[in-house]
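To start, the structure itself, in structure tokens.
All chains are named by letter (A, B, ...) in the order of the sequence lines, taking the proteins before the strands, and each is independently numbered beginning at 1.
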4 protein chains.
Amino acid sequence: MSTYKLVHRPENSGGTIVRVGNVEIGGGEFVVAAGPCAIESREQILETAALVTAAGARLLRGGAFKPRTSPYSFQGLGLKGLELLEEAGVATDTPTVTEVLTPEDIPAVAQSADALQVGARNMQNFALLKALGSAEKPVLLKRGLSSTIEEFLLAAEYIIAHGNPNVVLCERGIRTFETATRNTLDLGAVALLKNITHLPVFVDPSHGTGRRELVAPMARAAAAAGADGLIIEVHPNPDQALCDGPQSLTPPQFAGLMSSLRALLPALGRTVAAPQKRSRPVTFATGA
Amino acid sequence: MSTYKLVHRPENSGGTIVRVGNVEIGGGEFVVAAGPCAIESREQILETAALVTAAGARLLRGGAFKPRTSPYSFQGLGLKGLELLEEAGVATDTPTVTEVLTPEDIPAVAQSADALQVGARNMQNFALLKALGSAEKPVLLKRGLSSTIEEFLLAAEYIIAHGNPNVVLCERGIRTFETATRNTLDLGAVALLKNITHLPVFVDPSHGTGRRELVAPMARAAAAAGADGLIIEVHPNPDQALCDGPQSLTPPQFAGLMSSLRALLPALGRTVAAPQKRSRPVTFATGA
Amino acid sequence: MSTYKLVHRPENSGGTIVRVGNVEIGGGEFVVAAGPCAIESREQILETAALVTAAGARLLRGGAFKPRTSPYSFQGLGLKGLELLEEAGVATDTPTVTEVLTPEDIPAVAQSADALQVGARNMQNFALLKALGSAEKPVLLKRGLSSTIEEFLLAAEYIIAHGNPNVVLCERGIRTFETATRNTLDLGAVALLKNITHLPVFVDPSHGTGRRELVAPMARAAAAAGADGLIIEVHPNPDQALCDGPQSLTPPQFAGLMSSLRALLPALGRTVAAPQKRSRPVTFATGA
Amino acid sequence: MSTYKLVHRPENSGGTIVRVGNVEIGGGEFVVAAGPCAIESREQILETAALVTAAGARLLRGGAFKPRTSPYSFQGLGLKGLELLEEAGVATDTPTVTEVLTPEDIPAVAQSADALQVGARNMQNFALLKALGSAEKPVLLKRGLSSTIEEFLLAAEYIIAHGNPNVVLCERGIRTFETATRNTLDLGAVALLKNITHLPVFVDPSHGTGRRELVAPMARAAAAAGADGLIIEVHPNPDQALCDGPQSLTPPQFAGLMSSLRALLPALGRTVAAPQKRSRPVTFATGA
């Protein structure tokens with residue numbers, strides 16, 4: 001007897017499809033979300049948005065409220081960051097996903113973004129999970145650093161039991177004794193989750209490895225393990241990123257990864273978005 | 001160069017004393033907090049309070065807002081639980097400590113209890129930490145299940161940097177591969193923290209082991225490792241506890257532990273409270 | 001400055017090819033080794049050998065000397081097992097790999113098998129590693145349950161520094177807090193090893209997951225992460241296996257996995273063996 | 001139903017006493033073994049032996065065969081080291097304990113030393129465990145870096161089932177995510193082992209913390225958790241030690257630790273050796 005109910009695969013044996021804007025997660029298309037760790041400026045997010053969507057990203061990610069280990073680290077642009085992400089999403093016609101840290105921020109974030117991310121450190125912030133049950137946007141729930149698969153599913157169960165069935169799980173690496181990688185990406189958990197639950201499963205190989213050179217092979221491995229999509233950190237100039245530079249791809253590296261996924265996914269019975277040819281470039285005024 | 005500033009030992013090399021009501025933590029007295037995991041009823045908390053304080057507990061613990069892994073588990077009595085804890089504290093003339101889960105609950109909890117506990121799963125709930133910076137009560141900060149000592153100290157740094165210098169750290173066991181105990185109580189962390197920081201350090205051997213029969217030896221080991229006090233789960237009838245029964249001591253077991261601590265602490269250069277002889281029993285009306 | 005020398009990628013930047021019998025590991029072909037955890041009987045190993053090689057396995061595995069956690073578990077057939085494995089290898093014209101537990105067993109095992117396996121629990125049995133430096137057969141070195149990547153590479157360095165350059169590394173899952181899978185298969189380590197060292201890297205998804213239903217997706221994920229091959233447990237009747245039944249594939253499941261690898265590998269720029277059509281069945285007398 | 005038999009507490013509910021030379025482990029006396037990580041020279045081991053025994057050490061430790069992570073690290077003096085340790089033991093009238101790495105070294109080590117140590121990396125070297133079943137000296141079995149308590153007990157079960165009942169278990173820290181200490185000393189395991197098994201339990205706070213300043217508090221904590229003794233690394237000049245310098249105590253630090261143990265142990269109902277007053281100093285010729 002399992003301790004979870006609503007997330008259990010037999011509840012929806014065909015698999016749940018979660019819609020983020022016009023994008024379907026959990027269906028035949030393998031969906032890639034991309035963007036910077038933190039929204040740093042209008043230019044940065046708009047440029048990144050243009051480049052990652054051109055390469056085939058179907059969702060745009062970027063952090064406005066940043067949970068940082070040290071109180072002295074950059075904490076994100078907050079509401080201003082939300083506005084910039086929304087502008088970038090509109091400019092590229094791409095749904096957005098961003099993190100929410102507290103129940104009281106949910107209304108503003110849900111108004112502005114197309115999906116709400118729960119970070120690893122908040123996976124068992126039960127007040128937040130309960131409040132997300134009332135949100136009208138889907139939730140991307142990241143696995144906690146030391147959360148078991150059972151705890152991960154029960155966190156999703158909180159959100160669903162409180163009214164919101166649109167949850168995408170995201171494996172992002174667990175904490176182990178190994179220090180050569182930032183975390184240990186647990187792709188066995190992905191394969192197991194696909195058996196246990198009907199919810200879609202994403203993978204974050206950026207946090208899962210912490211090393212830029214490992215992101216592409218682990219992205220492909222995630223696809224092969226059965227993931228429904230990826231969330232990838234991309235920065236136009238990783239060396240100057242205010243957060244997570246060492247694990248961020250450059251836009252050309254991201255385009256290369258997308259190209260290799262287009263070669264790989266058909267062999268796994270799935271599709272992935274083609275590069276986007278725009279009739280005109282994404283333009284944006286240089287004023288604030 | 002350390003990444004933390006305010007918690008660093010040289011900031012207060014003599015060691016910080018945190019006052020919870022009339023009790024001093026971090027001084028010459030080894031302080032024991034005790035009480036049930038969850039406040040379940042008026043009788044339960046009043047009876048437990050009377051028994052643990054008679055045995056020498058100087059602080060009363062009890063959960064009103066419970067963070068539970070499953071949405072289907074008992075979530076605590078909430079505000080009603082707060083009232084009962086306050087009543088028990090008054091009845092036994094003992095300061096109280098209870099967990100707070102969200103920034104919006106802080107005012108009510110700080111009004112009612114003498115110290116605010118941050119649970120392991122919220123150790124990196126940065127919105128909560130920041131809000132506790134403005135609270136006018138001391139904070140008992142539990143180490144996260146997979147938090148490094150550096151992350152633990154930086155969580156304390158958040159609270160202090162936001163205005164509240166009264167933080168007691170609490171080692172409560174970390175998550176490892178070992179399953180014979182609920183967690184692995186990291187007493188080496190206690191010894192190390194006493195070197196690095198001026199903040200007092202508590203130990204929770206109840207969660208740290210998850211097994212009643214190990215609580216007393218690990219409580220003594222914590223004292224020998226240099227801890228400033230303990231937080232212990234005690235329930236009048238552990239087999240019927242709504243939470244954490246297997247790791248809860250019975251009141252007689254708790255009294256036995258206190259007795260052994262009184263034998264031990266002088267050899268470590270510290271004192272611990274004597275059993276309390278009341279002129280009259282703690283009485284309480286049976287009505288609501 | 002790295003702490004290892006001979007295993008470092010610049011020592012052989014094109015990558016080392018290790019030959020096991022007539023099979024090359026580390027080249028363009030993705031190599032699959034398969035067979036039972038333990039050799040149990042002549043019929044069992046010959047039947048398994050016939051079936052896995054027909055499905056495309058290029059190496060035959062099987063344990064004669066078994067390191068078991070309990071002294072009361074089946075410890076393997078020993079020298080008799082070695083003979084049976086050799087017979088099965090000859091009958092199917094397939095090189096064999098089997099575990100060696102002590103320096104004194106090396107001559108007999110190296111005489112009989114085509115590659116010598118060092119199990120996870122012996123990865124830092126330095127006397128064994130040194131003795132393998134003098135062995136005239138290649139070594140399949142499994143990563144220890146809690147060994148860092150650096151320790152893993154230094155174990156290989158021991159073998160090479162003592163004279164034997166033919167080492168294949170094998171990621172087989174590490175021990176973490178997660179209990180839903182037997183181990184946590186660390187495919188990020190595979191991608192990282194391919195960057196750091198010139199040695200070929202195998203993956204063992206059987207031990208890496210401990211669950212039969214996860215072996216195929218993790219085998220594909222290993223290929224996508226850049227592994228040079230796999231080692232897979234296959235048993236004609238897993239429910240009656242004397243060891244590791246729950247993680248053993250049936251022969252039809254193994255054939256299905258091979259088929260899916262043949263669909264996948266070309267998209268990763270590699271080949272994998274076709275199913276083997278024999279002119280005549282592998283036959284064997286029923287006597288001892 | 002437990003998976004172990006001979007180590008189970010009911011097999012000898014009063015607790016097993018293991019004799020190493022004239023020293024009893026597991027009785028009323030708390031026994032401290034001390035000495036250098038590696039035997040480096042005649043002067044070093046004789047000087048250390050004289051100093052630690054004067055301070056109250058009842059056993060002398062020192063490594064002759066050293067298992068080292070890198071093949072390029074000092075591997076110990078081997079047989080010459082054994083001779084020097086024996087000489088130091090005779091000179092100070094103190095039984096000795098040293099590590100054995102392979103079955104073939106057992107006769108020489110058992111001839112020379114009074115107890116045979118199995119290191120953490122060999123805890124599941126089953127060939128070694130079986131061979132120790134025939135040894136005529138007691139075994140100090142260290143817990144593996146990532147061994148569960150059950151695996152630890154089954155390793156002891158191997159030795160006993162093969163004929164040698166004289167096994168002392170030794171908790172020496174497990175591998176976790178925490179990097180501030182070398183290992184995480186699991187004193188909860190000590191308390192649990194004392195419940196489960198009749199075998200004596202030692203603690204190694206030197207490896208358990210990896211930091212000199214934490215050795216004394218964790219040594220005291222081990223005593224309070226119920227350990228039967230300690231094994232401590234002491235070096236006359238830790239900064240120049242060929243191995244484990246950062247975790248080695250100086251002789252005066254060791255004497256201070258022993259003094260604090262003499263204050264503590266009576267409060268725990270045990271005794272510990274007084275400092276040894278010799279009628280004449282331990283002298284040794286300066287020739288080789």
Region of D:Arg175 that comes under 4.5 Å of a non-hydrogen atom in chain B
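D:Arg175 touches chain B through backbone heavy atoms alone.
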Can you tell me which portion of D:Ser147 sits under 4.5 Å from chain B's heavy atoms? Options are side chain, backbone, both or neither.
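Answer is backbone: N, CA, C or O of D:Ser147 sit under 4.5 Å from chain B.
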Look at B:Lys194, B:Met218, B:Arg211 and state which one has the largest set of heavy-atom pairs under 4.5 Å with chain D.
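Max contact count across the listed options: B:Met218.
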Pick from [options]: which one has the most heavy-atom pairs with chain B under 4.5 Å?
options: D:Asp186, D:Ile174, D:Ile196; answer: D:Ile174
options: D:Thr184, D:Leu192, D:Thr176, D:Thr181; answer: D:Leu192
options: D:Thr179, D:Leu187, D:Leu185; answer: D:Leu187
options: D:Pro205, D:Ala222, D:Ala225; answer: D:Ala225
options: D:Thr148, D:Leu264, D:Asn195; answer: D:Thr148

Tell me whether [X] is salt-bridged to [Y], with the criterion being a basic N under 4.0 Å from an acidic carboxylate O.
X: B:Glu29; Y: B:Arg58; result: yes
X: D:Lys142; Y: D:Glu171; result: no
X: D:Arg143; Y: B:Glu178; result: yes

Step by step, would you call B:Glu150 with B:Thr3 a side chain to side chain donor-acceptor pair (under 3.5 Å)?
CA-CA 8 Å; B:Glu150 184 178 22; B:Thr3 54; 2.6 Å; yes
Rounded to the nearest 0.5 Å, what separation is found between the CG atom of B:Leu129 and the CG atom of B:Leu154?
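These two atoms lie 10.5 Å from each other.
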Do B:Cys170 and B:Ile231 have side chains that approach each other closer than 4.5 Å (heavy atoms only, starting at C-beta)?
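Contact flag for B:Cys170/B:Ile231 side chains = yes.
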